[in-house]
Amino acid sequence: MNAIISLCHFCELHGPKILYCTQPFRPQEPKQLNGEETEVNIPHRLKSASSQTSCTSADILPASSSAAVASAAAATTVKEQCEGCKSVQTGYVSHDEEAQVSYVSTQQPYNPQVFTRIRQACIRSLSSEVCPGREGPIFFGDKQCGHVLSYTFYVPDSQARGMHRWYSIIVVMMDKIYLLNSWPFLVPHLRIVIENLQHKAQKVYDQEESKCPQRPYRMGARVEPISFIKQRGGNKPARSLQELTGDKHVFQMLHMAFLWILKACGSRITETLLEGPPTEDTIIDMEKQEETEEGFIKIFTRKIDEDDLDSENADDPLCPVIKNLRQLRKVLGSSQFLTLAHHVVVGNQVIVVGRQCRLVKSILDALKILLPKGCCRVIAYSKSYQESWKCNFLGLSPDVSLSQLVNSSEMYVLLEIVDRRQQQQTPLVTSGAACLGMLTWDTPPDEEDLQFTNLEFKLSAVVLPHKVPTVLSRMVMALQNENLSLQVVDAAFTCLKEEWMNKVKVLFKFTKAGGNRSDDDTRKLLQIVGAREEDKLLLKFWMTGLSVQYKNHIRTSSVHR
C-alpha cells in the first residue's frame, strides 16, 4: 500500500506537530536526502547484519546506521521542539523480504515534498477538519496535496489544560478511490491502536490523580496572563507520549501496528487491469456482489451443505481428479467428449454420477469452461435429483434413482463413473439407453492419466446432429492442438465466448426491440452475424446468460422508442 501513516498531536507551545510516521520504501524508488544525496537505495542502506524474514515476524531494528533516518530525525531543530513534540531520535526499520519492501518509522518523513503534504494534513486534521464531537474519523484532501483519512482522539493528561491532550492518526495517499475503499478496514484497526493508547494513558492518569488531584488545585489557583501556560502540576510545558502512557516502548508498538496496517491493507485489495470494456463474465461477477449503504462491496461465501461435507469427508484423498478440459477429452475419448460438450453448449442438463465426490466436481468444473458464467447453474454433488430448471450441471450419488424419462430424453446426458474395484455399484444407465463405451485412449496416456485405468466412464447414447455448433468446433480444434499451452487455450476460449456473446446480444436486441419477427428475418440476421442453422440452439441458450444490466438496458430503450 503506497501510503504513509502518521501520529500527530497539538502542542500548546508549537501548535499541530508531526510526532511519528511510518512509510514503505521499495528498491526501485529514487531517494533524495536534503538535496545532498541522490539515488539512494533505502532498503540496502537500512539492511541490518542480523537476518530478517518477513515483516510479520521480523524484529524491530534501531536504524542508527541509516543516513536517511538520521537526516529525517534532524529535520526539525531543537529550538522548535519541546518534550511533547519528540518521539524517536533515529527510528525503526522492518524488512519484508518476500515483498521487497522496507517499512521505516521516523519522527518526520525524509523527503521534503512528502513532509510538506504530511505537515499540511497534520494541521488540517487538528484544526479545521474535525468531525462532530471532535473525536472520530473523517476524510478530506485533494489531488495536489493528497487525500487523508484522519482519526482524531484525546489522551488523558492530568497536567494538561482540560486534563487531556489532542492527537490524531492520519493516513495519507494520492489514490482517493483506494483510500475510500479501505475505510472499512482502516477505521476499526486505527480504533484498536487508539484505544490501546488511551487505556495505557488512563492508568497513568488515575494513578496521578489518586496521589495529587489537579482539579481542586486549579480551581483555587490564581491565573496570571504571563504564567497562564505554566499553570499545571509540573514544570514541563508538555509531556511525551511515552510518559503519558507509561510505556517506554510505545513507539516500537506503533511501528509494528502501522506497518501491519500498511501491509494488510495493501493485500486485501487488488487492482485488475482491463484491456477493454468489461466482458459479460465480468459484469455477471459484479452483479453477484452486493453493495452496502456506504458504497462498498460485500463479498459473500456460499454456505456448505451438510451433504457436501459428508461426501467430502468420506472421499478418498487419493481419488483422481480432472485438472483441465484437455485431460477430460483424453480420458473420455474424442467421440464421447464431443457428445458431452455438445450437450453442454446447447443447454441440456449434464448429470455426472459417481461415488467419488472430488472426481465428480472436477469434471463439472472442467465443463463449465465451455460456457459463459451467466449460463452455468451448478449443483456439484447432491443425494437427490434436481430439476433441469434449477441446474444444468448436476453431480449425483450412485444411490439416486433416475426416471426413465431422464435416461431416454435427448434433453439430458448422463455420465456415469464406475469403479471396477467396487462390484457392488449398480449402474444407473438403463438398458434402454446404450453405453457408448468404456475408457479408451485416443493417444498414449501420461502418468497422470494412468490413475483412471480402474474407472469406467459410461455415457448415455444420444443421437447428435450431423453438425455441431461453430463455436464448439473451434474450441475442440484448440484442445486438439498440443502446441498450445493451457493458458493459451483458456485465452482462446475467452475470446470465442465473448465473440459469440456479442452475436447473442444482437439476436436479443433483434427479438426484443423489433416486435414479432419471422423465421426468414431471423435466418437473414444469422447470416449477417456469421451464424449457421446449427448455431440456433446455442444462441438461444446463451441468451439466458446475458447480464441483467444489458437486458434491462435493451428493454428500457425499446419501450422509449
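Nothing here was measured: the structure is a model prediction, and the numbers come from that model.
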J.: What are the two closest non-hydrogen atoms of Ile138 and Cys131, and how far apart are they?
T.: CD1-N, 4.0 Å

J.: Distance under 6.0 Å and angle within 45° of the ring axis: does Lys368 meet both against Phe393?
T.: no

J.: Whether the side chain of Ser6 engages the backbone of Cys21 through a donor-acceptor N/O pair (distance < 3.5 Å, no angle test) should be reported.
T.: no

J.: State, yes or no, whether a side-chain contact exists between Phe258 and Ile169 at a heavy-atom distance under 4.5 Å.
T.: yes

J.: Does the side chain of Leu472 come within less than 4.5 Å of Val476's, by heavy atoms?
T.: yes

J.: Any non-hydrogen side-chain atom of Thr22 less than 4.5 Å from a side-chain atom of Ile4?
T.: no

J.: With a 4.5 Å cut-off on side-chain heavy atoms, are Asp535 and Val471 touching?
T.: no

J.: Begin with the C-alpha distance, continue with both residues' side-chain angles, and end with the deciding distance and a verdict on salt bridge (Lys or Arg N to Asp or Glu O under 4.0 Å) for Glu416 and Lys458.
T.: CA-CA 5 Å; Glu416 184 184 2; Lys458 299 182 179 182; 5.4 Å; no

J.: Can you label the angle between the His147 ring and the Phe139 ring as parallel, tilted or perpendicular, going by 30° and 60°?
T.: parallel

J.: Side chains of Ser168 and Thr152: donor-acceptor distance under 3.5 Å anywhere?
T.: no

J.: Determine whether Arg355 and Asp399 satisfy the following criterion, salt bridge (Lys or Arg N to Asp or Glu O under 4.0 Å), listing intermediate values before the conclusion.
T.: CA-CA 9 Å; Arg355 196 167 297 279; Asp399 302 327; 3.7 Å; yes

J.: Can you name the nearest heavy-atom pair linking Ile417 to Val360, along with the distance?
T.: CD1-CG2, 4.3 Å

J.: Checking Glu280 against Thr282: is there a side-chain donor and acceptor pair closer than 3.5 Å?
T.: no

J.: List the residues meeting side chain to side chain donor-acceptor pair (under 3.5 Å) with Lys373, not counting sequence neighbours, and say none if there are none.
T.: Asp285

J.: Kindly write out the residues that satisfy side chain to side chain donor-acceptor pair (under 3.5 Å) with Gln349, not counting sequence neighbours, or none if the list is empty.
T.: Tyr385

J.: Under a 4.5 Å cut-off applied to non-hydrogen side-chain atoms, are Leu396 and Ser382 in contact?
T.: yes

J.: Using the test side chain to side chain donor-acceptor pair (under 3.5 Å), find all partners of Tyr151 that sit at least two apart in sequence or belong to another chain.
T.: Arg191

J.: Measuring only between side-chain heavy atoms, which start at C-beta, is Asn181 closer than 4.5 Å to Ile177?
T.: yes

J.: How about Lys551: does its NZ atom have over 12 heavy atoms from other parts shown lying under 6.0 Å from it?
T.: yes

J.: Using a cut-off of 6.0 Å, state whether more than 12 heavy atoms not belonging to Gln113 lie near its atom CD.
T.: no

J.: Does the side chain of Asn392 come within less than 4.5 Å of Val350's, by heavy atoms?
T.: no

J.: With rounding to the nearest 0.5 angstrom, report the OG to NZ distance, Ser518 to Lys524.
T.: 7.5 Å

J.: Output the distance between atom NZ (Lys176) and atom CE (Met174), rounded to the nearest 0.5 Å.
T.: 12.5 Å

J.: Would you sort out whether Leu546 and Lys505 count as a side-chain contact (heavy atoms from CB on, under 4.5 Å), showing the intermediate values?
T.: CA-CA 8 Å; Leu546 288 173; Lys505 289 181 179 179; 3.7 Å; yes

J.: Mind checking side chain to side chain donor-acceptor pair (under 3.5 Å) for Arg326 and listing every partner two or more places apart, or none if nothing turns up?
T.: none

J.: With Arg523 as reference, evaluate Leu526, Asp521, Asp520 under the side chain to side chain contact (heavy atoms under 4.5 Å, CB included) test and give the passing residue.
T.: Asp520

J.: Under the side chain to side chain contact (heavy atoms under 4.5 Å, CB included) test, which residues partner Met411, sequence neighbours left out?
T.: Asn348, Ser409

J.: Specify the closest pair of heavy atoms between Tyr412 and Ser388, including all atoms of both residues, with the distance to one decimal.
T.: OH-OG, 3.9 Å

J.: Let's go through Arg268 and Ser182 carefully: what are the C-alpha distance in whole Å and the side-chain angles of both, what is the deciding distance for side-chain contact (heavy atoms from CB on, under 4.5 Å) to 0.1 Å, and is it a yes or a no?
T.: CA-CA 9 Å; Arg268 64 180 292 271; Ser182 301; 4.2 Å; yes

J.: Measure the spacing between CD of Glu129 and CD1 of Ile170 and express it to the nearest 0.5 Å.
T.: 12.0 Å

J.: Roughly how far, to the nearest 0.5 Å, is OG of Ser335 from CZ of Arg329?
T.: 10.5 Å

J.: Any chance you could measure His342, atom NE2, to Glu534, atom CD, to the nearest 0.5 Å?
T.: 9.0 Å

J.: Between Leu370 and Leu367, does the side-chain contact (heavy atoms from CB on, under 4.5 Å) criterion hold? Intermediate values first, please.
T.: CA-CA 6 Å; Leu370 296 170; Leu367 292 174; 4.3 Å; yes

J.: Could you tell me which non-hydrogen atom of Ala3 sits nearest to which non-hydrogen atom of Met173, and how far apart they are?
T.: CB-CB, 3.8 Å

J.: Check step by step if side-chain contact (heavy atoms from CB on, under 4.5 Å) holds for Leu262 and Val101.
T.: CA-CA 11 Å; Leu262 287 173; Val101 179; over 6 Å; no

J.: Drop me the distance from Leu328's CG to Leu415's CG, to the nearest 0.5 angstrom.
T.: 8.0 Å

J.: A cation-pi test, strictly: NZ or CZ of Lys263 under 6.0 Å from the centre of the six-membered ring of Trp260 and no more than 45 degrees from its axis. Yes or no?
T.: no

J.: Would you name the heavy atoms of Ala531 and Trp500 that are closest together and state the gap between them?
T.: CB-CZ3, 4.1 Å

J.: If I compare all heavy atoms of Pro320 with all of Leu455, which pair ends up nearest, and what's the gap?
T.: CG-CD1, 4.1 Å

J.: Is the shortest side-chain heavy-atom distance between Trp542 and Val346 below 4.5 Å?
T.: no

J.: Hey, could you give me each pair passing salt bridge (charged side-chain N to carboxylate O under 4.0 Å, His left out) that has a residue in residues 485-500? Not counting sequence neighbours.
T.: Arg474-Glu499

